[in-house]
2 protein chains.
Amino acid sequence: MSIYTEKNRKTKKLIQTSFMQIIENKSFEAITVGDITKVAQINRGTFYLHYKDKFDLLDQIEQQLFEDLGNHIDELQKYYSSMQKFEKNQEQLAATLFNSIKMHAPMLKIFLSDRGRAGFHLRFRDAFSEKVRVNLEKNESFHTNLKVPMEYYLSFITSAFLGLIEQWIQNGLDKTPDEMTALYIEIISIIQKNQSGL
Amino acid sequence: MSIYTEKNRKTKKLIQTSFMQIIENKSFEAITVGDITKVAQINRGTFYLHYKDKFDLLDQIEQQLFEDLGNHIDELQKYYSSMQKFEKNQEQLAATLFNSIKMHAPMLKIFLSDRGRAGFHLRFRDAFSEKVRVNLEKNESFHTNLKVPMEYYLSFITSAFLGLIEQWIQNGLDKTPDEMTALYIEIISIIQKNQSGL
DNA sequence: CCCAAAAATGAACACACTGTTAACTTTTGT
DNA sequence: ACAAAAGTTAACAGTGTGTTCATTTTTGGG
């Protein structure tokens, strides 16, 4: 746990930030280990002391992102939770989500684009689905009365929400998280009035 | 237009099917041109007579897929079209879509997975969005009364639909297109009863 | 049937990136 | 000062890239 661990951590961080700097303008598949170590100004061999390869590097960055997002959501969920009405709770979850997405928007923008890695949107959706599922299961009557398979329902609902998020990020965060929440509620109400268009 | 064109077309097709055979078990990023030509039993140089590189190959396969899907939808849309009620039309569009998705499921399954190429789901959604947009614009009152930006609405709605499709494909097409349509309608009705869970 | 055009082959090429190794230097704590 | 950890340097064999060029095969028109 001494300073060695600290130095180690710092180098890893340096590699990560250098990598993120490069992926701003170059697709992941085109990035080489040499590109990264040149920007980080370290020896190429040093990279391999910390990561197996560039995929391992991205895996670790991705994992940390999901952890951060998850923790942020969990923490804020504590403030509301059980004593409140179900519907109101959902709305607050949405607002919470838009906020934490905004914090990680630069990274998400890249990872969701064609510069990222294949399948990211699936891993993102799965991580997100899990949070929604836990939340849904708090409402027992909903869970037991659901006529469609849970997996399909979750996939539909989370994909819709992520679609909104993707559009938001693609638009360069042109709205505040509160505006996004309002927009989200408005869309739901359009569907409820049966004017969905689908 | 002679037999040379035909021969050319056949070789391209051979390269494509060989590639699709390989990508069943190996991720796109790991596939080499040598892998492809070995399976196709042609010279590696021949590959470069037809494609710039493996990315060009995938681009062309992808483009053709979107073209096929689009044509299929357009054609079936003709049978219903304008004289019918708007809502009924939407339901038929959904049924049509589930059918054409099923036809291309093997390829879509791979391209949407982490064996495919980054950003595929975006290109897929955009192609799909376009069809939905055209369809929505037939209903003028909807279009003019829409309170949220069209892009956000489209993103929400098409992502939701594609989420359902992704789950379906992931489940190995465990339902018929008709069952999927029923399932889709049921989910919409859940949301309309305000039990959405989001 | 023969010939010119197109397509495919085979082998070689320089180049770039990979992941690993081994000897060495620097940084750091005790 | 010395031992341990981290990083450096340079070299390596291996693999894939995209291109070249001389050669062979396939094909249709005259």
Side-chain angles (χ1 to χ4, degrees), chain A residues 1-64 110 114-118, chain B residues 1-64 110 114-118:
Chain A
M1 273 300 169
S2 64
I3 197 131
Y4 293 127
T5 326
E6 180 60 17
K7 189 167 169 58
N8 206 294
R9 201 192 58 78
K10 267 194 173 175
T11 306
K12 285 191 81 166
K13 204 80 201 163
L14 173 63
I15 291 173
Q16 287 192 9
T17 58
S18 301
F19 170 74
M20 288 310 299
Q21 203 176 312
I22 296 167
I23 206 172
E24 290 277 346
N25 307 305
K26 198 172 186 177
S27 80
F28 175 70
E29 59 197 2
I31 295 175
T32 69
V33 173
D35 290 339
I36 299 167
T37 56
K38 217 181 296 165
V39 170
Q41 300 194 71
I42 57 170
N43 191 273
R44 199 167 61 85
T46 306
F47 178 92
Y48 290 103
L49 293 176
H50 297 279
Y51 298 101
K52 191 177 163 288
D53 48 33
K54 70 170 181 170
F55 300 104
D56 183 33
L57 167 61
L58 191 60
D59 281 348
Q60 290 190 31
I61 294 176
E62 218 177 81
Q63 211 177 316
Q64 204 178 311
I110 293 164
D114 55 7
R115 267 171 302 160
R117 201 180 174 191
Chain B
M1 273 301 169
S2 61
I3 198 132
Y4 294 128
T5 326
E6 179 60 18
K7 187 169 169 63
N8 209 294
R9 203 192 56 78
K10 266 195 175 176
T11 307
K12 287 190 82 166
K13 205 79 202 164
L14 173 63
I15 292 172
Q16 287 191 9
T17 56
S18 302
F19 170 74
M20 288 311 298
Q21 201 177 313
I22 296 167
I23 207 174
E24 291 276 347
N25 307 306
K26 199 172 183 176
S27 81
F28 175 70
E29 59 199 1
I31 294 176
T32 69
V33 174
D35 290 339
I36 299 166
T37 56
K38 217 179 299 165
V39 170
Q41 301 195 70
I42 57 170
N43 193 272
R44 196 166 64 85
T46 306
F47 178 92
Y48 291 103
L49 293 176
H50 297 278
Y51 299 101
K52 194 177 162 288
D53 49 33
K54 68 172 183 169
F55 302 103
D56 183 32
L57 167 60
L58 191 59
D59 282 348
Q60 291 191 31
I61 294 177
E62 221 176 77
Q63 212 177 315
Q64 204 180 311
I110 292 164
D114 55 7
R115 266 170 305 161
R117 202 180 173 192

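Per chain, numbering begins at 1; letters A, B, ... match sequence-line order.
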Rounded distance (Å) that lies between atom [atom2] of [N] and atom [atom1] of [X]:
X       : N      : atom1 : atom2 : answer
B:Leu14 : C:dA7  : CG    : P     : 16 Å
B:Lys10 : D:dT25 : NZ    : P     : 20 Å
A:Asp56 : C:dG19 : CG    : P     : 11 Å
B:Asn43 : D:dC21 : CG    : P     : 16 Å
B:Leu49 : D:dT25 : CG    : P     : 17 Å
B:Asp53 : C:dC15 : CG    : P     : 21 Å
B:Lys52 : D:dT19 : NZ    : C1'   : 13 Å
B:Tyr51 : D:dT17 : OH    : C1'   : 19 Å

Original post:
Is a donor-acceptor pair below 3.5 Å formed from side chain B:Arg44 to base C:dG10, judging by atom type as modelled?
Top reply: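 It does not, because no donor-acceptor pair links the side chain of B:Arg44 to the base of C:dG10 below 3.5 Å.
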
Given [options], which nucleotide is nearest the side-chain atoms of [X]?
X       : options               : answer
B:Asn8  : C:dA7, C:dT18, C:dA8  : C:dA7
B:Tyr48 : C:dT20, C:dT9, D:dT17 : D:dT17
A:Thr46 : C:dA8, D:dG7, C:dG10  : D:dG7

Subject >> Any B:Glu29 side-chain heavy atom under 4.5 Å of A:Glu29 side chain >> reply: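 No, side chains not in contact.
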
**OP:** May I have the step-by-step check of side chain to side chain contact (heavy atoms under 4.5 Å, CB included) for B:Val33 and B:Tyr48, ending in yes or no?
**Re:** CA-CA 9 Å; B:Val33 174; B:Tyr48 291 103; 3.6 Å; yes

Subject >> Residue met sooner reading DNA chain C from 5', once B:Gln41 and A:Lys54 are mapped to nucleotides >> reply: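 Nearer the 5' end of the strand: B:Gln41.
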
**OP:** Determine the sole option in A:Leu58, A:Leu57, A:Ile22 for which the side-chain contact (heavy atoms from CB on, under 4.5 Å) test with A:Phe28 is passed.
**Re:**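 For A:Phe28, the side-chain contact (heavy atoms from CB on, under 4.5 Å) test succeeds with only one of A:Leu58, A:Leu57, A:Ile22, which is A:Leu58.
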
Subject >> Candidates B:Ile31, B:Ile61, B:Asp35 - the one meeting side-chain contact (heavy atoms from CB on, under 4.5 Å) with B:Ile23 >> reply: B:Ile31

Original post:
For B:Phe19, is the NZ or CZ atom of B:Lys54 found under 6.0 angstrom from the centre of its six-membered ring and inside 45 degrees of the ring axis?
Top reply: no

Original post:
Within less than 4.0 Å of OP1 or OP2 of C:dA8, is there a side-chain N or O belonging to B:His50?
Top reply: yes

**OP:** With heavy atoms under 4.0 Å as the rule, sort B:Ile42 into base, sugar-phosphate or nothing.
**Re:**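 Sugar-phosphate: the residue B:Ile42, judged by heavy atoms under 4.0 Å, touches backbone atoms but no base.
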
